[in-house]
Amino acid sequence: MGKATADLRNEHEAILHVFRILDAMRASNSQDAEQQLRFGNELVNFLKIFADKCHHGKEENYLFTALEAAGLPNTNGPIGMMLHEHVLARQHIAAMETALAEKDLSAFKQSALDYQQLLRAHIAKESDVLFVLADRVLDDEKQTELFENFETWEEKVVGHGVHAALHAQIETWEKEYLSA
Ligand SMILES: [Fe+2]
Ligand SMILES: [Fe+2]
């Protein structure tokens, strides 16, 4: 496995881990409306920064362009499909935000569920198909170059302080929702 695809796979695992927390939170039913709204806002913040800006940004700005340069089709091909799903994911996040602003928990839960379903399938397609292909067509040198671009991107859109805060956030959620 290449260095760049390994980094993206790690981020997929982090997103899937947060989805397990969201599943547990949904099943617990022990949170009052205020707690659910607070968690919802924290979740949207995590998804916007980590899943969208950082992770989808790395894919769109670096990996997908490298794959296109290596001959993989964008329009009517796997890259175009992944880009389209990133757009749909953003629409679900926007719907979650609107629902939270209106304190509409049932609309929030539906949008969160839609987002999870879309992204779980999206992550499976990337990890099982696209990244396997990427490991075949991108050599070690290219993967290292991409990884270095990822690091610069992450520092630009997330930064060390926010990155640490997001990790601390996940730990707080684990204690609150996974150990219950
Ligand atoms: Fe993606
Ligand atoms: Fe991804």
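First listed ligand is number 1; within each ligand, the first listed atom is number 1. Source: prediction; values computed, not measured.
Checked for salt-bridge contact, E85 and R90 miss the test: no charged N lies under 4.0 Å from a carboxylate O. A salt bridge does not link E126 with R9: none of the charged nitrogens is closer than 4.0 Å to a carboxylate oxygen.
When the shell of 6.0 Å around CG of N76 is examined, it contains 12 or fewer heavy atoms from other residues, nucleotides or ligands. Within 6.0 Å of atom CG in D140, 12 or fewer heavy atoms from other residues, nucleotides or ligands are found, so the atom counts as exposed in its surroundings.
Closer than 2.8 Å to the Fe ion (ligand 1) sit the protein N, O or S atoms E59 OE1, H86 NE2, H122 NE2, E126 OE2.
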(request) Determine, stepwise, if the pair D23 / R20 fulfils salt bridge (Lys or Arg N to Asp or Glu O under 4.0 Å). (result) CA-CA 5 Å; D23 289 339; R20 284 190 286 275; over 6 Å; no
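Residues passing the salt bridge (charged side-chain N to carboxylate O under 4.0 Å, His left out) test with K109, sequence neighbours excluded: none.
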